Amino acid sequence: MRNQMAHSYDIDRVNECEAEVKHKLGLLQELSAENSCLRSAIAKAEHEIAEVRRHGEYDDKKAQMAIELRSAKEQWRTAYYSKIEVQKALINRHSAVVDLNKK
């Protein structure tokens with residue numbers, strides 16, 4: 001009799017374990033679905049990146065933007081040094097006018 005009682009299971013504990021297993025299986029299925037969705041999105045993005053690189057649009061656009069950047073920097077340098085020259089000329093004129101007023 002003791003042997004039978006030692007191997008008997010508490011039905012409530014069995015029900016709790018079954019409910020826990022069902023819950024974890026449902027969670028596992030949800031996570032598996034989300035994982036497959038994310039993997040397909042990553043694969044699609046990688047494919048699109050490969051297509052852009054294959055057609056050379058990325059490299060062409062990058063080279064074009066580098067040329068535009070160099071051009072813009074050159075224009076900025078020209079304008080900056082031109083402004084400095086104008087300021088120097090104005091300072092010299094101002095000095096000349098002040099000198100004439102003192103005489």
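Counting from 1, the numbers follow the sequence of the chain as shown. Not measured: the values here are computed from a predicted model.
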Inset, instruction - Would you check if Lys22 and Leu25 make a side-chain contact, meaning some heavy-atom pair closer than 4.5 Å? - result: no
Inset, instruction - For atom CD of Gln87, decide whether the heavy atoms of other residues, nucleotides or ligands shown that lie under 6.0 angstrom number more than 12. - result: yes
Legend entry - Hydrophobic cluster identity match, Trp76 and Tyr81, side-chain contacts under 4.5 Å: yes
Legend entry - Donor-acceptor contact below 3.5 Å, side chain Ser71 vs main chain Ile67: no
Legend entry - Validation row: Glu20, Glu16 side chains within 4.5 angstrom (heavy atoms): no
Inset, instruction - List the steps and the verdict of salt bridge (Lys or Arg N to Asp or Glu O under 4.0 Å) for Glu74 and Arg70. - result: CA-CA 6 Å; Glu74 185 62 36; Arg70 274 188 235 115; over 6 Å; no
Legend entry - Nearest-0.5 Å distance, OG of residue Ser36 to CZ of residue Arg39: 9.0 Å
Legend entry - Sub-4.5 Å side-chain heavy-atom contact between Lys73 and Arg77: yes
Legend entry - Verdict with reasoning, Glu34 to Glu30, per side chain to side chain contact (heavy atoms under 4.5 Å, CB included): CA-CA 6 Å; Glu34 184 178 347; Glu30 287 178 27; over 6 Å; no
Inset, instruction - Indicate yes or no: at least one non-hydrogen side-chain atom of Val97 is less than 4.5 angstrom from one of His94. - result: no
Inset, instruction - Give me the one residue out of Glu46, His47, Glu48 that meets side chain to side chain contact (heavy atoms under 4.5 Å, CB included) with Lys44. - result: Glu48
Legend entry - Atom pair NZ (Lys62) and CG (Asp60), whose distance is rounded to the nearest 0.5 Å: 12.0 Å
